[in-house]
Structure formats: structure tokens, C-alpha cells
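Let me begin by presenting the structure, written as C-alpha cells, before commenting on it.
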Amino acid sequence: MKLSFADRVRTIVRGIRKGQTMTYGQVAAVAGQPGAARSVGTVMKNNYDDSVPCHRVVRADGKIGDYNRGGEARKRALLQEEGAL
DNA sequence: ATAATGACGTGAT
DNA sequence: AATCACGCCATTA
């Protein structure tokens with residue numbers, strides 16, 4: 001069975017430890033598709049699995065990035081709780 | 001199969 | 001510093 005890009009991304013993000021963060025571009029690169037940062041976003045958007053800490057994926061330009069469970073504010077709060085900020 | 005979409009990235013205004 | 005414009009690419013319709 002072949003793992004889609006989305007599956008690899010979810011796996012990678014699941015592996016981000018508490019207090020750590022990765023940029024969309026980083027995840028894409030590790031997933032084997034450098035330059036597909038945007039696609040990582042697409043995946044996150046369609047991913048509703050709570051086991052995937054999508055809030056640990058941030059933008060490369062230092063911004064927080066969006067979040068499908070309460071927006072940027074929520075995401076920022078979670079990261080602060082984990083000490084990622 | 002083709003077109004539209006968007007939780008990005010970088011460089012130019 | 002803030003915004004705009006364009007390229008990028010998997011996913012979705």
C-alpha cells in the first residue's frame with residue numbers, strides 16, 4: 001500500500017515533540033517534497049485527527065500560521081502552554 | 001482529466 | 001514594518 005504525501009506529513013507532525021515546532025516547509029522537505037509547504041497546509045486543513053499536533057507547525061517567516069480549531073489565537077495559546085514560545 | 005483552492009515562501013513595493 | 005504579487009504543489013471538487 002502506498003502512503004500518500006498526506007500520510008507522511010501526518011506521521012511526521014505526530015513525531016514533533018512537545019515544545020518543538022517545525023515550519024511547513026521543513027515538514028514538506030522531510031516528507032520528501034521540498035517546496036510543497038503549501039500542500040502541507042492543505043493536508044493540515046483536511047486533517048481532523050487529534051493525534052496530530054498540527055499546532056506545532058508554524059510558518060517560516062516567524063508567523064503562527066492558521067489553525068482549524070480556533071484560529072491563530074488558539075494555536076498561539078497551545079504553543080505557549082508547551083513552552084514553544 | 002482539468003480547474004480551483006489554500007493552515008506557505010520569498011522577493012518586490 | 002506592512003502589503004502585494006507571484007510561484008509552488010498536493011488535495012479537492
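Just so we're clear, the structure is a prediction, and the values are computed from it rather than from any experiment. Because only heavy atoms are used, hydrogens play no part in the values below, and waters and symmetry mates are left out as well, while side chains stay in. Residue numbering restarts at 1 for every chain, and letters A, B, ... go by the order of the sequence lines.
Looking at A:K75, its side chain does come within 3.5 Å of a backbone N or O of A:V57 through a donor-acceptor pair.
Atoms CD (A:Q26) and C1' (B:dA7) sit 17 Å apart, rounded to a whole Å. Protein atom CG of A:D61 is 13 Å distant from nucleotide atom C1' of C:dA1, rounded to whole Å. The distance from atom CD1 of A:I64 to atom C1' of B:dC8 is 14 Å, rounded to the nearest whole Å. Summarising the geometry, the separation between CZ on A:R59 and C1' on C:dA2 is reported as 13 Å, rounded to the nearest angstrom.
When each of A:K63 and A:G35 is assigned the nucleotide of DNA chain C bearing its nearest heavy atom, the one mapping closer to the 5' terminus is A:K63.
Of all the residues in residues 42-57 of chain A, A:T42, A:M44, A:K45, A:C54 reach under 4.0 Å from DNA chain B with at least one non-hydrogen atom.
Residue A:Y67 places its side chain closer to B:dA7 than to any other of B:dC8, B:dA7, C:dT11. Which of C:dC9, B:dA7, B:dG9 sits closest to the side chain of A:A36 comes down to C:dC9.
The OG1 atom of A:T42 lies 12.0 Å from the CG atom of A:N47; values are rounded to the nearest 0.5 Å. Atom CZ in A:R8 sits 6.5 Å away from atom CD in A:Q33 (nearest 0.5 Å). Note that CZ of A:R69 is 5.5 Å distant from CG of A:D50, once rounded to the nearest 0.5 Å. A:L79 contributes atom CG, which lies 12.0 Å from atom CD of A:Q20 (distance to the nearest 0.5 angstrom).
Heavy atoms of A:F5 sit under 4.0 angstrom from primed sugar atoms or phosphate atoms, though from no base atom. At the heavy-atom level, A:E72 lies nowhere under 4.0 Å from the strands shown. Heavy atoms of A:A28 sit nowhere under 4.0 angstrom from any nucleic acid atom.
Judged by distance alone, with hydrogens and angles left aside, A:R38 brings no side-chain donor or acceptor close enough to the base of B:dG9 to form a pair under 3.5 Å. Judged by atom type and distance alone, A:Y24 reaches the base of B:dA7 through a side-chain donor-acceptor pair under 3.5 Å.
For CZ of A:R74, the number of neighbouring non-hydrogen atoms (other residues, nucleotides, ligands) closer than 6.0 Å is 12 at most.
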Contacts under 3.5 angstrom, residues 58-67 of chain A side chains, donor-acceptor by atom type, not counting sequence neighbours:
from  : atom 1 : to    : atom 2 : distance (Å)
A:R59 : NE     : A:D61 : OD1    : 3.1
A:R59 : NH2    : A:D61 : OD2    : 3.1

